[in-house]
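Since this is a predicted model, take the numbers as computed values, not measurements.
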Amino acid sequence: MMNYSFLLAAAASVILGCTGGTQNNDTAEAPATPELTLSWKTDTVFTGSESTLYDPATDIIYVTNGNTKAGEKDNDGFISIVNTDGTIRELKWVEGDLHAPKGMALLDGKLYVTDIDAVKIIDVSSAAIEKTVTIDSAVFLNDLATDGKQLYFSDSRTGKIYSMTTDGNYTVISTTNANVNGLEYHNGHLYALDGEGLKKFSDDGNYAQETINTEVTGGDGLVVLNDSTFVASRWHGEIFLIQGGETTVILDTQAEKSNTADIGFVPGKNLIIVPTFLKNEVATYELTY
């Protein structure tokens, strides 16, 4: 009798266990729908806010300004510092000898900034431009990225991508990228947004290119989350999440005429930083996907 009861109890336990497992599977949460949720937005204190860059070492955001006449040497450019809660730490942290500063990258205590036909090298500790590297034949230098050893920058008008060492020596590494803009470096590879879409370059020093997404053409800012996940913006007011073969519009502010220029990213808070250009703001959105 005891053996029979034991067998009944064991069988019931197995049945309940299996049933519970089935219920857990049925009620498992579905993958989150990719979206951006507004976290904060600054007042309209900027002038043609074009590019944003997060510095994890100091937990601040750099913003380039003065791009309402994006190709003119009018000396009205400046760089701002914004805290990650949206408060303005210093509106004109660096100004003077800046015309239409755009892309930025940090390397070894220096902030590298493209400025029409030159790269300005700013010493972060002194907030001073210590060197200007004029790029021969450059027309409209745009985004800038680093691999931790050297710099990369794009010329949207000539379709060229350059590499540059920290002492200012530069070379053209690619010439067939019409309207190239956003650059980012991740896990040994350079990535670029141009008129054909999102491109990935080989890591063998030859920079052979492969187009890995053809839906986001004419992109502006680029964030690489991992080897197969990207966030890309179009200047007119669109931001996309690219996950493998899936491309999703996660923000569209075209109706509000709010631009989405060279976006940045705060990884610890999963924030996408959006310079709104003609709206003269910086906005951040929390990314879920």
Side-chain angles (χ1 to χ4, degrees), residues 40-135 138-146 151 153-156 164 166 168 170 181-183 220-221 235 258-264 266 273-284:
W40 52 257
K41 184 183 290 187
T42 67
D43 292 332
T44 56
V45 296
F46 303 104
T47 305
S49 47
E50 203 280 337
S51 180
T52 54
L53 177 68
Y54 174 66
D55 180 5
T58 54
D59 195 36
I60 59 172
I61 299 166
Y62 293 102
V63 185
T64 54
N65 304 272
N67 283 276
T68 50
K69 297 179 180 178
E72 290 190 16
K73 294 186 177 181
D74 47 17
N75 207 42
D76 68 348
F78 60 96
I79 298 173
S80 307
I81 295 179
V82 178
N83 296 314
T84 54
D85 63 0
T87 57
I88 310 300
R89 178 176 296 193
E90 197 165 353
L91 183 60
K92 294 189 175 181
W93 174 65
V94 174
E95 61 179 331
D97 195 26
L98 285 172
H99 307 292
K102 295 179 179 64
M104 296 176 284
L106 284 162
L107 181 60
D108 297 336
K110 313 294 181 183
L111 181 68
Y112 294 79
V113 186
T114 56
D115 193 4
I116 303 178
D117 62 355
V119 176
K120 304 294 175 67
I121 305 175
I122 300 171
D123 179 69
V124 172
S125 62
S126 62
I129 298 173
E130 65 175 24
K131 187 174 184 178
T132 296
V133 181
T134 302
I135 310 301
V139 180
F140 197 85
L141 299 184
N142 214 322
D143 204 11
L144 205 154
T146 181
L151 294 307
F153 52 93
S154 58
D155 189 330
S156 297
M164 186 178 77
T166 54
Y170 63 88
N181 190 342
L183 299 180
D220 194 320
W235 183 85
S258 185
N259 305 121
T260 48
D262 187 6
I263 56 177
V266 182
I273 319 164
V274 182
T276 64
F277 206 88
L278 294 176
K279 284 290 189 181
N280 298 318
E281 307 159 330
V282 171
T284 65

> If you look at every heavy atom in Asn259 and Leu278, which pair is closest and at what distance?
Replying inline: OD1-N, 3.1 Å

>> Holding to salt bridge (charged side-chain N to carboxylate O under 4.0 Å, His left out), I want the full list of residues that pass it with Asp97, two or more places apart in sequence or in another chain.
In response: Lys120

>> If I take atom CD1 from residue Ile81 and atom CG from residue Asp55, how far apart are they, to the nearest 0.5 angstrom?
In response: 9.0 Å

>> Restricting to non-hydrogen atoms, name the atom on Ser49 and the atom on Val63 that form the minimum distance, rounded to 0.1 Å.
In response: CB-CG1, 4.0 Å

> What pairs meet the ring pair (Phe, Tyr, Trp, His ring centres under 6.0 Å) rule with one or both residues in residues 61-117, with sequence neighbours excluded?
Replying inline: Tyr62-Trp93

> Please, which pairs that meet salt bridge (Lys or Arg N to Asp or Glu O under 4.0 Å) have at least one residue in residues 123-135, sequence neighbours excluded?
Replying inline: Lys110-Asp123, Lys110-Glu130

> Could you give the distance from CG (Asp43) to NZ (Lys41), rounded to the nearest 0.5 Å?
Replying inline: 11.0 Å

>> If the condition is side chain to side chain contact (heavy atoms under 4.5 Å, CB included), which residues does Ala105 pass it with, not counting sequence neighbours?
In response: Leu144, Thr146, Leu151

> With Thr284, which residues qualify under side chain to side chain donor-acceptor pair (under 3.5 Å), at least two apart?
Replying inline: Trp40

>> Quick check: do Thr114 and Asn142 have side-chain heavy atoms less than 4.5 Å from each other?
In response: no

> Which pair of heavy atoms, one from Asp115 and one from Leu98, lies closest together, and at what distance?
Replying inline: OD2-CA, 3.4 Å

> Taking only residues two or more places apart in sequence, or in another chain, which ones meet Asp220 in a side chain to side chain contact (heavy atoms under 4.5 Å, CB included)?
Replying inline: Glu50, Asn181, Ser233, Trp235, Ala261, Asp262

> How long is the span from the CD atom in Glu95 to the CD1 atom in Ile79, to the nearest 0.5 Å?
Replying inline: 10.5 Å

>> Which residue in the set Thr52, Thr64, Asn65, Thr42 passes side-chain hydrogen bond (donor to acceptor under 3.5 Å, both in side chains) when paired with Ser80?
In response: Asn65

> ring-ring contact (aromatic ring centres under 6.0 Å, His included) with Phe153: which residues, sequence neighbours excluded?
Replying inline: Tyr162

> Who passes side chain to side chain donor-acceptor pair (under 3.5 Å) against Thr132, sequence neighbours left out?
Replying inline: none

> Is any side-chain heavy atom of Tyr54 closer than 4.5 Å to a side-chain heavy atom of Asp59?
Replying inline: yes

>> Run the side chain to side chain contact (heavy atoms under 4.5 Å, CB included) test on Leu111 and Leu53 for me, step by step, so that the C-alpha distance in whole Å, both residues' side-chain angles and the decisive distance to 0.1 Å come before the verdict.
In response: CA-CA 10 Å; Leu111 181 68; Leu53 177 68; 3.8 Å; yes

> If every non-hydrogen atom of Thr44 is compared with every non-hydrogen atom of Lys279, which pair is closest and at what distance?
Replying inline: CG2-O, 3.4 Å

>> Which residues pass the side chain to side chain contact (heavy atoms under 4.5 Å, CB included) test with Ala70, not counting sequence neighbours?
In response: Asn67, Lys102, Phe140

> Can you name the side chain to side chain contact (heavy atoms under 4.5 Å, CB included) partners of Asp85, sequence neighbours left out?
Replying inline: Asn83, Thr87

>> Test your reading of the model: is there a side-chain donor-acceptor pair from Asp155 to the backbone of Val139, 3.5 Å cut-off?
In response: yes

>> Which residues pass the salt bridge (charged side-chain N to carboxylate O under 4.0 Å, His left out) test with Lys69, not counting sequence neighbours?
In response: none

> Does a side-chain heavy-atom distance below 4.5 Å link Val124 with Leu106?
Replying inline: yes

>> Under the rule for salt bridge (charged side-chain N to carboxylate O under 4.0 Å, His left out), what residues qualify as partners of Asp117, not counting sequence neighbours?
In response: Lys73

> Got a donor-acceptor contact below 3.5 angstrom from the Asn280 side chain to the Val45 backbone?
Replying inline: no

